[in-house]
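Computation of the quantities below employed the complete heavy-atom set of this structure, encompassing side-chain atoms and omitting hydrogens, waters and symmetry-equivalent molecules. Worth saying up front: this structure is predicted, and the values here are computed from it rather than measured. Reminder, nothing fancy here: chain letters follow the sequence lines and each chain counts from 1.
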Amino acid sequence: MSHLLEIDNLSVTFGGLHALKELNFHVDEGEIVGVIGPNGAGKTTFFNMISGMVTPTSGDIRFEGESLLGLDPNQVTQRGIARTFQNVRLFANMTILENVMVSQHCRTKQGVWGSLLNTAGFRREEAEIREHAEKVLGFFGSRLVGYRLEQTASVLSYANRRRLEIARAMATKPRLILLDEPVAGMNPKESAELTELIGKLRTEWGFTIVLIEHDMNVVRDVSDRVVCLDHGETLAQGSFEEVSSNPDVIEAYLGRPLEKQS
Amino acid sequence: MTAVTPGAATATELELVQKGAFDFDWNEAIRKGAIVALTLAFIALSGMPVGLDDRSLIEPILSMGYVALLWVPFVLGWLSGNETVLEGMAATKRGLRDVVRGDVIGFVGGLGLSLLVILLNAFDLRDPLVNWSPQLIELLQFDRGQGFGIVAWPIIGGVLGAAGAGLHLVSPRLRKAILSAVITVLLVAIFETFIVDVIDFLDDLLYEKQGGLKLVAAIVIAVVAFIASYAGAGRAVGQVRSNYHQATGAAKKSQTITFIAIAAIALIVTPMITGKITQELLANIGIFLLLALGLNIVVGLAGILDLGYVAFFAVGGYTTAVLTSPNRGEDWPEWFPIMPWWGALLVTIVVAALVGLFIGAPVIRMRGDYLAIVTLGFGEIIRILFLSDWLNGYFNGAQGITNVPAADFGFAQVKGTDPRSVFYLVLVFAVISIYVSWRLERSRLGRAWMAIREDESVAEAMGINTVNMKLMAFVVGAVLASFSGAIFAAKVGSIFPTSFLILVSIIILVVVIVGGMGNIIGVIVGAAVLIGVLGGPKQPGLLAEFSEYKLLIYGALLVVMMLQRPEGLVPNARRSRELHQDEFLQDAWLKGEVDTDDDDEPGTEVQGALA
Ligand SMILES: Nc1ncnc2c1ncn2[C@@H]1O[C@H](COP(=O)(O)OP(=O)(O)OP(=O)(O)O)[C@@H](O)[C@H]1O
Ligand SMILES: [Mg+2]
């Protein structure tokens, strides 16, 4: 059986910098895979390539057996891959509800005429969009619903912005979600809670997940498998225990500060 | 020091010092005074005072030319009293200090004009400065000789500056009453032609034969406005407004409907009772409102800075003209039909949409500044095509297409000589455009446009086909502009390339920005205020006298708005919601809707670490 996501010899260079070198990687349906590595390892660049925002120099990305190369980001999302951003990028002046409604764009189809004539189809679709949006937001408890629905995203606390980013990705009705450092900046309590929710994304919602994370507790708790990158190279792949005990990985994490000091 | 502050000459220096009257930042005050001086000199040399001197406001004491100068020290004096109060600090106490400071500012500003009077008399710089004229000298000397002018201006400036600053000292209620008296008198005087056009009999009652308010009338109006304001007319309006803002659900809906009904009746009835000038004015406002509504979708909603929007206005006008006028170019084939206006309108819509696609397709992949510059280019290209020899056989080049017939609806004819009919036609299309804007804004498309405006790359990553969506905004905007072009063709009866200068694009953009981007009401207010008062690129507004300085005022207004009130005259609900977030949260808290999670506001300290 083919994998949900397959990465073959994926490489990209920016000017002479090899941000990612010959990465081979796959994700199966229902898995949660962690991507770790020191700063500048190429993790976000990896996500950017999957989501079509950066074009690889060589290699292939296949989703459900079909290549994603050459697709625009919106087409990738349409295929069923959603993502969040490391440096939270919400639509700050839109309301929380609108943020989640707008990301259902590629799953809906009403156009100019439906809106102008306020057709039954238009009203039904609007109601469905809203219902789905509230369902997704409800996943995070009471934080993003109620009076909050009509507030602009800019007023949210930092942790809530991260939650809303995930909600926005969920609303695109994806099969695969790419989470870029979802707990960064959260306190231990919040990150423990979000770790649990990430588990539920798989069990309750049926999403497959790839997550980049620096917080090793989170990675250990949720990941079935882990891949470690450094300077664009794949250092190790396997279970968390295997990867975290790999001498190259340990050196990559520990060696860096020592180098800097010298 | 008292010698140079005539406004404060009543008190002895000692007393003033004791009360701290001179205890303010003198450098700052003199700097502001210099700004007043420069502004006054600039206005004087712009020719505005002389040009507007013939227009009497209050006979015989005040002409519009002087008003163009006198407002400066007054307003700056008032602004000098607006100090920012830092949080946690007590506001400095108001007092004589403010008046003295305003006085100094106005005085220094007046000195600027004194200096100008001396220079005007001593040198002849007419060559570089066109308005360096004997008339200006006479005006600045009040026809009473050099010495009088030199002495008078600092005194006048000082008094007005002190008066402006002094407004801070009186109670808000009194201040409002004084201001409304002054403003009402000025408005009634300035809008003379308009008021007479609407209510005929006022002509003899209020105004002198040669124009200008009668002095007695001015005083009566001032007193009435003062009393009305002091007695609370303003507060009644404010009450209605705050009622409306607080209402929710069904109550709000019924209030909205009442409001719309009143507005509709007013709009339908007004042109029936007014004269031609007002009807013409309303028709012009409507034509530019249609354009502004279309541009608002493109710029305000989708965030595409289109500087060549006039292209679609031109396409609308030319298509209609070609399809209706017997005087169209000679190269059109025989079979190419001449049709009634409404038939041409349908074709025009299709053509505009196609041109929108055609121009949009290559342009839309660009972002931000690049897109703005390219659209600017396309706007000109379209006009130059209509002007060109190459297409002369189709569009008659500079001669344009004349004899565009009236739009004939059987029961009514819409033509330029009957501005009322034009207004009603425009009204119908304005309602259509407003409906379109309103529906689209609240739909899947509107949300997608907003997302693109906020962050295009993220919008794309969230599954929005940004190219298609932007193109769609472009096309909808093009169609709305073509309505305007089609009506314009029937109204003017002829179409020339010079009607579609780049200036039109810019003025429409200013209307949208000044009114409030992304907000339909704002756009309506913007069109009414700017096109109505200042006028369109070629169409006169209420202040027809200002038409020479129109562009200057448009430019100044744009700069001031960008600095002081970037959200526009009528800010978007979204923005005001942000501005009133505190109250919003408080309400929510009172209603017990607040998120009880204890970890609701964490992580602010790590935010910096992450960035
Ligand atoms: N668009 C780009 N152009 C040029 N260089 C880039 C670009 N995007 C990323 N890089 C470079 O590629 C390298 C990998 O960056 P990337 O953002 O993928 O790291 P990361 O693993 O996500 O690091 P972090 O843990 O800090 O988020 C960095 O050196 C970065 O500067
Ligand atoms: Mg990263």
**Student:** Between atom CG of Leu116(A) and atom CH2 of Trp438(B), what is the distance when rounded to the nearest 0.5 Å?
**Tutor:**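 Rounded to the nearest 0.5 Å, the CG-CH2 separation comes to 11.0 Å.
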
**Student:** Name every donor-acceptor pair, under 3.5 Å, that has one atom in a side chain of residues 460-470 of chain B and the other anywhere in the protein, sequence neighbours excluded.
**Tutor:**
residue	atom	partner	partner atom	Å
Asn465(B)	OD1	Val467(B)	N	3.4
Asn465(B)	OD1	Asn468(B)	N	3.3
Lys470(B)	NZ	Ile364(B)	O	3.0
Lys470(B)	NZ	Met366(B)	O	3.4
Lys470(B)	NZ	Glu456(B)	OE1	3.4
Lys470(B)	NZ	Glu456(B)	OE2	2.9

**Student:** What closest approach, in Å, do Gly111(A) and Leu445(B) show between heavy atoms, and which atom pair accounts for it?
**Tutor:**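 That would be C-CD1, 3.8 Å.
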
**Student:** Working to the nearest 0.5 Å, report the span between CZ of Phe91(A) and CD1 of Ile452(B).
**Tutor:**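 Between Phe91(A) CZ and Ile452(B) CD1, I get 9.0 Å after rounding to 0.5 Å.
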
**Student:** Heavy-atom pairs under 4.5 Å with chain B are the metric here; pick the option from Gln104(A), Arg107(A), Met101(A), Gln78(A) that has the most.
**Tutor:**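 Between Gln104(A), Arg107(A), Met101(A), Gln78(A), the count favours Met101(A).
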
**Student:** Distance-only, no hydrogens or angles: does the Glu126(A) side chain make a donor-acceptor pair with backbone N or O of Ser443(B) under 3.5 Å?
**Tutor:**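 Pair absent, no side-chain N/O of Glu126(A) close to backbone of Ser443(B).
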
**Student:** Hey, what do you get for CD (Glu98(A)) to CZ (Arg442(B)), rounding to the nearest 0.5 Å?
**Tutor:**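 Between atom CD of Glu98(A) and atom CZ of Arg442(B) there are 9.5 Å.
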
**Student:** Once rounded to the nearest 0.5 Å, what's the spacing between atom CG of Asn99(A) and atom CE of Met450(B)?
**Tutor:**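 That separation rounds to 10.0 Å.
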
**Student:** Can you measure from OG (Ser457(B)) to CE (Met53(A)) and round to the nearest 0.5 angstrom?
**Tutor:**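 Between Ser457(B) OG and Met53(A) CE, I get 5.0 Å after rounding to 0.5 Å.
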
**Student:** Contact between Met472(B) and Val112(A) at the side-chain level, heavy atoms closer than 4.5 Å - yes or no?
**Tutor:**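 Met472(B) reaches Val112(A) side chain to side chain.
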
**Student:** Are there more than 12 heavy atoms of other residues, nucleotides or ligands under 6.0 Å from atom CH2 of Trp205(A)?
**Tutor:**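 It does: Trp205(A) CH2 has more than 12 such atoms within range.
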
**Student:** Take a 6.0 Å sphere around CD of Gln255(B) and say whether it holds more than 12 heavy atoms from other residues, nucleotides or ligands.
**Tutor:**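 Enclosed.
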
**Student:** Looking at Arg444(B), Arg439(B), Arg447(B), which has the largest count of heavy-atom pairs under 4.5 Å with chain A?
**Tutor:**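 Going by pairs under 4.5 Å, I would pick Arg444(B).
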
